Protein chains: 2
Amino acid sequence: MVSLKDISVRCGVSVATVSKALNGHKDVSAATKERLLKAAKEMGYFPNSQARALKTNRTYNLGVMYLDEAGSGLTHEFFAKVLDSFKTTAETSGYDITFINRDVGRQKMSTYEHCKYRNVDGVIIACTDFTSQDVYEMINGDIPVVTIDHIFDCRTAIMSNNEKGMEELIGYVTKMGHKNIAYIQGNKSAVAERRLAGFYKACMNRNIEVNPDWIINGEYHNPDMTYELTKSLLSRNERPTCIFMPDDYSAMGGFNAIKDMGLSVPEDISVVGYDGIAYSQLLSPKLTTYLQDTEQIGVTAAKQLVSLIESPQTTFKEVITVDGKLLEGGSVKDIN
Amino acid sequence: MVSLKDISVRCGVSVATVSKALNGHKDVSAATKERLLKAAKEMGYFPNSQARALKTNRTYNLGVMYLDEAGSGLTHEFFAKVLDSFKTTAETSGYDITFINRDVGRQKMSTYEHCKYRNVDGVIIACTDFTSQDVYEMINGDIPVVTIDHIFDCRTAIMSNNEKGMEELIGYVTKMGHKNIAYIQGNKSAVAERRLAGFYKACMNRNIEVNPDWIINGEYHNPDMTYELTKSLLSRNERPTCIFMPDDYSAMGGFNAIKDMGLSVPEDISVVGYDGIAYSQLLSPKLTTYLQDTEQIGVTAAKQLVSLIESPQTTFKEVITVDGKLLEGGSVKDIN
DNA sequence: AAGGACATTTCAAACGTTTCCGTTAATTAA
DNA sequence: TTAATTAACGGAAACGTTTGAAATGTCCTT
């Protein structure tokens, strides 16, 4: 690998001058600067990121912290898409992305320690158990952090607008004449709370009574459980005309339960999902759902994190809400 | 951050001794070694990965190279799952994962240059355009590389067993009585070639004539295109009884085309997919498909890459084939 | 002509490791 | 007893940068 020294001997200047020229310092003449830049390009020079990091304490590396469990994380379409746009934006700003976990190799270490070890400049936390010790340690550490879909005191958070999503969905189904609405909600979490709050509020605004027996505790990303819950829900004496599923993926389970009971969507039961994943729009009928703006969430998270890193005065806590969009499919019947 | 020097002054030994103790060298007494290890733990010492990398030229970081385009990469379930298990295995061996691309920040650089810049110890190449200049540069470089689903001379490759997959699928559908089989294949690639070869061979072995008009060029991961191709295929005079789709995701497009033509699966047309993604098993009927062993592919890739790095004599080219498993759904009708 | 002001360049230390080699002391062999 | 071997540890250079201070040179001002 060609180093600063190689360039310096070839051009007959000191290493310091080369460094300054390449980093755009002003105390080097335009002539030599050009000469050195040219030589650097010719020789195929690239800075050694480790050496630079050692001196500057900046790695231009961002850590990604997420839950590493089956059925979650990378294989979760929502997270994958957010990560994808986060990554693209971060790269444009000159940052690379590294996965951060606990216990790398033989070393027992926490996620925070891992960050210290790798010296990441900042961390994005998403799709994880926000009550875990590891998250707690990160939040209270001195590394810039942006969380997604969870709000901590004194940390910047990017929130998908769950209240608005619920408001729009409820608005839509009530316009279609539904009043008896069930809601199979996801795991206990900030997201679930906000959606439920949005659900209640939207119903209240329309003078629709919420039947507490129809608020059912399910799980995100769990079609099997949703299948069972849907089935048991529909086996009761009184049936809702419309079911809100935890998310689009789980909704597949709900669809199947309905079908297996000899009913059909939307003729007998209307269904809405949440997320707007690709598959949901390939079903027939297409699922009526709320498309979360994963692109915008990822981009915003990256921009916030970078600005947190690069302009430390930005270190106040900020909560940024990203709106989504209702996708009108054919899974909700007009019963007016 | 606590450094070796901090430990050395506290314990009254030299930095060199601390380094050796912590790295398990033999020329340090058991007593002091224990004392130093204890101090290190107490003080919360973690090595500075940059400083270490600078000296040793080993970063314990692996690069991931993949196609960063819409509908591919991270949001591709096959790739996401492979990456997930790759990551887990790599971490167990003490390696972290960093995404590698071109043009990070203002710097214009190739993927290979990026690897040099970040000093990754090895690279996994997957889910990309294997004919690109960037891949070519990587393959001819001096960084350990493992490719997934593509074979280069002198580079280790992990191959999903596409021939066997096709063999099993053809075996299954012929057992169900199908002889008129169409195949909408994916983008021109090593994978597509192997599947097609497997398709032909399996048919030949059973004395089934392949109708060349029924070998159709489609695209992977493209439900819309598959929709159109399926529709035009079924509009011809002569119809196949069974259609092989490029993959499960695309198969959704095929399903919809069939439905939109007033036909149904499997009564009128049988369908098989490829991949075994989660969604395919939530459809009704469930899709009959071939489940690729993403877990095994990821694990094997990681192990091979690590051994390539850690025991340089392993640098011979190796091609490892990973078998999958037929998933019998309900999308193929028994027409015997 | 001497002094300062400025532009340009170099020196040298530092970042936190690893590792070769040398030193000392202790142990063993002859 | 002496020489040789070994065990345990320290010195110091090196990896490739960055950066403040010092050095050099040039030009302007008075």
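Note that the coordinates shown come from a computational prediction; the quantities given were computed from them, not determined experimentally. Below, all heavy atoms of this structure are taken into account, side chains as well, without hydrogens, waters or symmetry copies. Lettering of chains follows the sequences in order, A, B, ..., and the numbering in each one begins at 1.
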Output side-chain donor-acceptor pairs under 3.5 Å for residues 2-12 of chain B, partner residues at least two apart or in another chain, one line each.
from   : atom 1 : to     : atom 2 : distance (Å)
S3(B)  : OG     : K5(B)  : N      : 3.4
S3(B)  : OG     : D6(B)  : OD2    : 3.4
D6(B)  : OD2    : S3(B)  : N      : 2.8
S8(B)  : OG     : K5(B)  : O      : 2.8
R10(B) : NH2    : E42(B) : OE1    : 2.4

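- Residues satisfying the side chain to side chain donor-acceptor pair (under 3.5 Å) test with N48(B), not counting sequence neighbours, are none.
- If you measure from atom NZ of K55(B) to atom P of dT17(D), you get 15 Å, rounded to the nearest angstrom.
- For the residue pair T98(A) and D96(B), no side-chain donor N or O sits within less than 3.5 Å of a side-chain acceptor on the partner.
- For the segment residues 31-45 of chain A, the set of residues with a heavy atom within less than 4.0 Å of an atom of DNA chain C comprises T32(A), in numerical order.
- Between L4(A) atom CG and dT19(D) atom P there is a gap of 12 Å when expressed in whole angstrom units.
- Nucleotide dC9(D) holds its C1' atom 14 Å from the NZ atom of K26(B), rounded to whole Å.
- Base contact: D27(B) has a heavy atom under 4.0 Å from a base atom.
- Looking at every heavy atom in both residues, Q50(B) comes nearest to Y117(A) through OE1-O, 4.4 Å.
- Considering only residues two or more places apart in sequence or on other chains, E77(A) meets the side chain to side chain donor-acceptor pair (under 3.5 Å) condition with none of them.
- Over its length, the helix from dG4(C)-dC27(D) to dA30(C)-dT1(D) turns its helix axis by 60°, as judged from the five terminal pairs at each end, rounded to 10°.
- Annotation: ring-ring contact (aromatic ring centres under 6.0 Å, His included) contacts of Y220(B) (sequence neighbours excluded): none.
- A nucleotide of DNA chain C counts as in contact with chain A when one of its atoms lies under 4.0 Å from a heavy atom; the first and last such, 5' to 3', are dT8(C) to dG16(C).
- For residues 127-148 of chain B, the pairs satisfying salt bridge (Lys or Arg N to Asp or Glu O under 4.0 Å) are R102(B)-D134(B), K116(B)-D142(B), with sequence neighbours left out.
- Take E295(B) and apply the side chain to side chain donor-acceptor pair (under 3.5 Å) test, not counting sequence neighbours, and it matches no residue.
- Look at S29(B) and you'll find a side-chain N or O under 4.0 angstrom from OP1 or OP2 of dC9(D).
- Taking the six-membered ring where tryptophan is involved, the planes of Y60(A) and Y95(A) are tilted, since the angle between them lies from 30° to 60°.
- Contact record, P144(B) with L308(B): CB-CB, 4.2 Å, taken as the closest heavy-atom pair.
- For D293(A), there are no salt bridge (Lys or Arg N to Asp or Glu O under 4.0 Å) partners, not counting sequence neighbours.
- Rounding to whole angstrom units, OH of residue Y60(A) and P of dT17(D) are separated by 15 Å.
- Of the options V120(A), I124(A), I309(A), V123(A), a side-chain contact (heavy atoms from CB on, under 4.5 Å) to L62(A) is made by I309(A) and by none of the others.
- K55(B) pairs by the salt bridge (Lys or Arg N to Asp or Glu O under 4.0 Å) definition with nothing, not counting sequence neighbours.
- Residues from residues 16-24 of chain A with heavy atoms under 4.0 angstrom of DNA chain D, sorted by number: A16(A), S19(A), K20(A), N23(A).
- In terms of position along DNA chain D, the nucleotide closest to V13(B) lies nearer the 5' end than the nucleotide closest to the other residue of the pair L54(B) and V13(B).
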